[in-house]
Amino acid sequence: TILDSVNVDINNAPVAALSNTPQTICFGTSTNLIINFTGTGPFSIVYNDGVTDIPVSGITANPYSLPVNPLTTVTYTLLSVTGGAAGCPG
């Protein structure tokens, strides 16, 4: 008789939130969007710049500074987050 066991770790669903208040910058300059995570990383996100859905993966910093350089007034939207070695959706 062979007896064996295995542990299964459960990662909580990650959560990501933009912590910036609305910003005003000068044309041709950049700013950082600050994203705070809860859950287990590394994290991957998809955000939208008003036109395009943009994926970013391998995020280990928390909070994470996402540099942006808009050419016009824009609203950035965080669309999704995944995290942990299992890629759990948030």
Side-chain angles (χ1 to χ4, degrees):
T1 300
I2 298 174
L3 297 176
D4 203 358
S5 63
V6 63
N7 285 333
V8 176
D9 293 324
I10 303 297
N11 287 331
N12 291 328
V15 176
L18 288 167
S19 64
N20 293 67
T21 56
Q23 298 183 25
T24 301
I25 62 173
C26 296
F27 181 80
T29 62
S30 63
T31 189
N32 288 320
L33 303 179
I34 306 301
I35 303 172
N36 290 293
F37 297 98
T38 58
T40 304
F43 300 98
S44 296
I45 61 166
V46 177
Y47 72 97
N48 183 280
D49 64 0
V51 177
T52 304
D53 293 350
I54 303 165
V56 181
S57 61
I59 301 169
T60 57
N62 188 15
Y64 175 66
S65 295
L66 176 66
V68 293
N69 186 11
L71 300 177
T72 63
T73 298
V74 64
T75 298
Y76 290 95
T77 305
L78 191 56
L79 300 175
S80 67
V81 58
T82 56
C88 298

Subject >> Verdict with reasoning, Ile59 to Ile45, per side-chain contact (heavy atoms from CB on, under 4.5 Å) >> reply: CA-CA 8 Å; Ile59 301 169; Ile45 61 166; 3.9 Å; yes
**OP:** Please name all residues satisfying ring-ring contact (aromatic ring centres under 6.0 Å, His included) with Phe37, sequence neighbours left out, ordered by chain then number.
**Re:**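 Applying ring-ring contact (aromatic ring centres under 6.0 Å, His included) to Phe37 gives Phe43.
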**OP:** Run through the side-chain heavy atoms of Ile, Leu, Val, Met, Phe, Trp and Tyr, join any pair under 4.5 Å, and report what else lands in Val6's cluster.
**Re:**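 Its cluster partners, ordered by chain and number, are none at all.
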Original post:
Apart from Leu79 itself, what residues make up its hydrophobic cluster, given side-chain heavy atom links below 4.5 Å?
Top reply: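 Direct or chained contacts put Leu79 with Val46.
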Please list, one pair per line, the donor and acceptor atoms closer than 3.5 Å that link side chains of residues 65-76 to other protein atoms, with sequence neighbours excluded.
none

List for me each residue that meets side-chain hydrogen bond (donor to acceptor under 3.5 Å, both in side chains) alongside [X], sequence neighbours excluded, and say none if there are none.
X	answer
Ser19	Asn36
Thr31	Gln23
Asn48	Asp53

Original post:
Does Ile54 have any side-chain contact (heavy atoms from CB on, under 4.5 Å) partners at least two apart in sequence or in another chain, and if so, which?
Top reply: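 Partners of Ile54 under the side-chain contact (heavy atoms from CB on, under 4.5 Å) test: Tyr47, Asp49, Thr52.
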Subject >> Closest non-hydrogen atom pair, Leu78 against Ala17 >> reply: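 Scanning both residues, the minimum pair turns out to be CD2-N, 4.1 Å.
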**OP:** Apply the side chain to side chain contact (heavy atoms under 4.5 Å, CB included) test between Ser44 and each candidate in Pro55, Ser80, Ser57; give the one that qualifies.
**Re:**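 Of all the options given, the one that passes is Ser57.
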